[in-house]
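Reckoned from all heavy atoms, side chains included, excluding hydrogens, waters and symmetry mates.
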Amino acid sequence: RALLDFRELALNDVNQRSTVIILGDARNNYYEAHPERLKDIARRAKQVLWLNPERRDQWGEGDSEMPRFAPHCFRVSRCSSLTDLERFAETLVAAQR
């Protein structure tokens, strides 16, 4: 649902200079995941970065749809703490220099 809302509310504002950052576990409570929604966003954006709080070995287990979303992301990283978030931010800033 979040990707549908994003597409409806903000997709027109996304362009080749946009970086879209998603923070979430990619779990869908067993509803249809609709990875094509993320694909639409990724086509318009410069990059899509996904921060997932779960360990990579949990991606794809149960209702996790991360394996279906990951191909549409420039980068997928684990982010489960403020330290992880700080490391991500530092990497992002360093890449812009």
Side-chain angles (χ1 to χ4, degrees):
R1 179 71 198 169
L3 292 174
L4 178 60
D5 289 347
F6 181 90
R7 192 173 72 180
E8 290 175 358
L9 297 171
L11 188 60
N12 290 335
D13 296 321
V14 174
N15 59 46
Q16 289 299 308
R17 296 180 315 187
S18 303
T19 296
V20 176
I21 301 173
I22 300 169
L23 175 59
D25 60 13
R27 293 193 176 270
N28 68 347
N29 297 313
Y30 297 100
Y31 291 103
E32 180 56 42
H34 297 288
E36 70 278 1
R37 293 176 183 163
L38 182 59
K39 185 177 181 179
D40 290 343
I41 295 166
R43 263 189 279 211
R44 295 183 64 119
K46 176 181 179 183
Q47 57 187 355
V48 173
L49 308 173
W50 193 305
L51 305 176
N52 190 316
E54 295 185 335
R55 296 185 324 266
R56 285 185 184 265
D57 64 350
Q58 294 175 309
W59 298 355
E61 289 186 1
D63 64 337
S64 172
E65 296 291 347
M66 199 68 242
R68 293 178 66 195
F69 291 133
H72 307 296
C73 298
F74 179 76
R75 182 172 34 162
V76 178
S77 301
R78 180 165 186 233
C79 185
S80 62
S81 68
L82 288 176
T83 302
D84 292 340
L85 186 57
E86 182 178 28
R87 187 177 313 116
F88 168 78
E90 288 172 354
T91 303
L92 192 60
V93 169
Q96 300 302 314
R97 293 182 184 157

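From His34, atom NE2 reaches atom CZ of Phe69 across 9.5 Å, with rounding to the nearest 0.5 Å. Distance check, rounded to the nearest 0.5 Å: NZ of Lys39 to CG of Leu3 gives 14.5 Å. The line from OG of Ser18 to CG of Leu11 is 9.5 Å long, rounded to the nearest 0.5 Å. Remark: Arg78 CZ to Arg55 CZ distance equals 6.5 Å, nearest 0.5 Å. Here CZ of Arg17 is found 14.0 Å from CD of Gln47. Values are rounded to the nearest 0.5 Å. Note that the SG atom of Cys73 and the CG atom of Leu49 stand 8.0 Å from one another [nearest 0.5 Å].
Placement of Trp50 and Phe6 within a single hydrophobic cluster is found when ILVMFWY residues are connected by side-chain heavy-atom separations under 4.5 Å, directly or transitively. Taken together through direct or relayed side-chain contacts under 4.5 Å among Ile, Leu, Val, Met, Phe, Trp and Tyr, Leu23 and Leu92 form part of one hydrophobic cluster. Under the 4.5 Å side-chain contact rule for hydrophobic residues, Phe74 and Leu85 share a cluster. Val76 and Phe88 fall into different hydrophobic clusters, defined by Ile, Leu, Val, Met, Phe, Trp and Tyr side-chain heavy atoms under 4.5 Å apart, directly or through other members. Hydrophobic clustering (ILVMFWY, side-chain heavy atoms < 4.5 Å, transitive): Leu51 and Met66 are in distinct clusters.
Salt bridge status for Arg43 with Asp40: present, with a side-chain N to carboxylate O gap under 4.0 Å.
Within the 4.5 Å cutoff, the side chain of Pro53 has no heavy atoms near those of the Asp84 side chain. Proximity of Glu65 to Leu38: side-chain heavy atoms (C-beta onward) are nowhere separated by under 4.5 Å.
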Open item on the list: Run Glu90 and Val93 through side chain to side chain contact (heavy atoms under 4.5 Å, CB included) and show every step you take.
Closed with: CA-CA 5 Å; Glu90 288 172 354; Val93 169; 5.9 Å; no
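Using a distance-only test at 3.5 Å, with no hydrogens or angles considered, no donor-acceptor pair links the side chain of Arg7 to the main chain of Arg37. With Trp59 contributing its side chain and Glu54 its backbone, the two residues share a donor-acceptor pair below 3.5 Å. Side-chain atoms of Glu61 never come within 3.5 Å of backbone atoms of Gln58 as a donor-acceptor pair (strictly under, hydrogens ignored).
The two atoms that bring Ala33 and Arg68 nearest to each other are CB-NH1, 3.8 Å, heavy atoms only. The shortest heavy-atom contact between Arg27 and Asp63 is NH1-OD1, 2.7 Å. The minimum heavy-atom distance linking Ser64 with Gly60 is given by the pair OG-N, 3.0 Å.
Other residues, nucleotides and ligands place more than 12 heavy atoms under 6.0 Å from the CG atom of Leu9.
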